[in-house]
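Report on one structure; see the data block that follows.
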Amino acid sequence: MTGQTAPEITARSWLMVLTLGLVWGATFLVIELALAGVTPLWLAAFRITFAMLLTLAIWGLRGFRLFLTDARPWGTLAAIGALSSAVPFMALSWGQQYVTSGFAGVSMAAVALMVLPLAHFFVPGERMHLRRAVGFAIGFVGVVVLIGGQAFVSSGAVQEPLGRLACLSAAACYAVSSVTMRRLPPIDPIGLAAMPLIFGAAIVLPAAWAVEGPPPLPGPQTLAVLAFLGLVPTAGANLLRVLVIRSAGPVFMSLTNYQVPLWSVLLGVVFLGEPAGASLLVALVLILAGVLLSQWGALMRLFGRG
């Protein structure tokens, strides 16, 4: 599947997106544990570095194969590396100091709305039509309902406007990197997963050192949490993200951004005993309705084959 052919959404695509939503939704709980023993930028640096090392090891077993044609888009790969990991990780770490967690959640849900017009103009086969746009809008409303009063409430921090801009900038980075990745020529998927992590580590490691000083020495528990963050929601999920974008397209991939806050709340209810209000059911219905409406054609083709 090249970056210039129409997307193909299969049962495997749905399974990968559902897995990504669950993994990233659970990540917020793990990040809270990690932040108890490490500073924000070094958290991002350790996370990306662990992911890079694992992905490099797997890539090495495949002979470090990368380009499958004569094209050599090194500059584009560097840009994807910056926009898909280093810059948004740092922007979110900084911005979340000054905004409510609710606004950060809404910012990540906005990725889907940003991808829609970008893909319309830059990705073959990803035309933005009324049903798809309405479906994505309904899903976004569902996320706002899920988050509730914290969605747009002010934190009162002096730096809040810049914090909000940082969170929205992170969302824009994810949107642009997804569309750009889809447009790449044929590339080995493991290599494509590895290269952004390499470029991302090259950016975030010196940035963390410059802002927060030399790397801390985490305790065994924090180190285990950091390793988990690097191996599962970063390395593993990054590979799934590459596979989804390259096969099913960035618009379909952006459905993950509606799932993440939903899974985060559901896991809090199940494992932390948090209350499940009526807003959770309303949000669930809205998000599912939005996904159903926006992906109606893909669902009909999927079940039509069965």
Side-chain angles (χ1 to χ4, degrees), residues 13-35 43-44 47-48 51 84-85 88-89 92-93 95-96 99-115 136 138-148 150-151 167 170-171 173-175 178 225-245 248 250-277 279-292 294-295:
S13 306
W14 285 99
L15 180 60
M16 288 192 291
V17 160
L18 288 171
T19 301
L20 282 170
L22 175 58
V23 169
W24 283 335
T27 299
F28 290 103
L29 300 176
V30 184
I31 286 176
E32 290 297 322
L33 296 175
L35 285 172
L43 168 58
R47 181 178 173 182
I48 292 176
S84 65
S85 57
F89 280 17
L92 283 172
S93 296
Q96 284 185 264
V99 304
T100 63
S101 59
F103 183 83
V106 168
S107 298
M108 292 303 97
V111 172
L113 300 181
M114 295 178 183
V115 164
F136 272 76
I138 291 173
F140 182 78
V141 171
V143 172
V144 174
V145 170
L146 177 69
I147 293 172
Q150 290 193 29
C167 291
C173 286
Y174 286 131
S178 292
V225 172
L226 290 170
F228 174 82
L229 282 172
L231 301 181
V232 180
T234 309
N238 179 57
L239 177 57
L240 283 184
R241 177 176 179 261
V242 168
L243 294 174
V244 172
I245 291 173
V251 172
F252 184 76
M253 172 63 208
S254 68
L255 294 176
T256 308
N257 296 93
Y258 291 158
Q259 291 184 68
V260 168
L262 184 60
W263 278 116
S264 181
V265 171
L266 287 173
L267 291 171
V269 171
V270 173
F271 293 105
L272 302 180
E274 296 176 350
S279 61
L280 175 58
L281 179 60
V282 173
L284 178 61
V285 170
L286 286 172
I287 291 172
L288 291 178
V291 171
L292 179 65
S294 66
Q295 300 299 317

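Position 1 is the first residue of the sequence, and the numbers go up from there.
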Least distance between heavy atoms, [X] atom then [Y] atom:
X: Pro233; Y: Trp24; result: O-NE1, 2.9 Å
X: Ala170; Y: Met108; result: CB-CE, 4.2 Å
X: Trp263; Y: Leu18; result: NE1-O, 4.1 Å
X: Ser178; Y: Ile245; result: O-CG2, 3.4 Å
X: Gly139; Y: Ile287; result: O-CG1, 3.8 Å
X: Gly142; Y: Leu286; result: CA-CB, 3.6 Å

Please report the C-alpha distance between Gln259 and Val17 in whole Å, then the side-chain angles of each, then the deciding distance to 0.1 Å, and finally whether the side-chain contact (heavy atoms from CB on, under 4.5 Å) criterion is met.
CA-CA 9 Å; Gln259 291 184 68; Val17 160; 3.0 Å; yes
[atom1]/[X] to [atom2]/[Y] distance, rounded to the nearest 0.5 angstrom?
X: Ser254; Y: Met114; atom1: OG; atom2: CE; result: 11.5 Å
X: Ser84; Y: Phe89; atom1: OG; atom2: CZ; result: 8.0 Å
X: Leu280; Y: Leu262; atom1: CG; atom2: CG; result: 6.5 Å

Taking the side chain as every heavy atom from C-beta outward, state whether Val99 and Ser107 have any pair of such atoms under 4.5 Å apart.
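Contact flag for Val99/Ser107 side chains = no.
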Checking Leu92 against Cys167 for the side-chain contact (heavy atoms from CB on, under 4.5 Å) test, could you report, in this order, the C-alpha distance in whole Å, the side-chain angles of both residues, the deciding distance, and whether it holds?
CA-CA 5 Å; Leu92 283 172; Cys167 291; 4.2 Å; yes
Counting only N and O atoms by type, is there a donor-acceptor contact under 3.5 Å from the side chain of Thr234 to the main-chain atoms of Leu229?
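Flag set: sc Thr234 to bb Leu229 pair under 3.5 Å.
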Check whether any side-chain N or O of Tyr258 sits under 3.5 Å from a backbone N or O of Phe136 as a donor-acceptor pair, and report yes or no.
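Looks like yes, one N/O pair under 3.5 Å.
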With side chain to side chain contact (heavy atoms under 4.5 Å, CB included) as the test, pick out the partner of Leu20 among Leu255, Leu240, Leu15.
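By the side chain to side chain contact (heavy atoms under 4.5 Å, CB included) criterion, Leu20 pairs with just one of Leu255, Leu240, Leu15: Leu240.
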Stepwise, does the side-chain contact (heavy atoms from CB on, under 4.5 Å) test hold for Thr27 with Val232?
CA-CA 9 Å; Thr27 299; Val232 180; over 6 Å; no
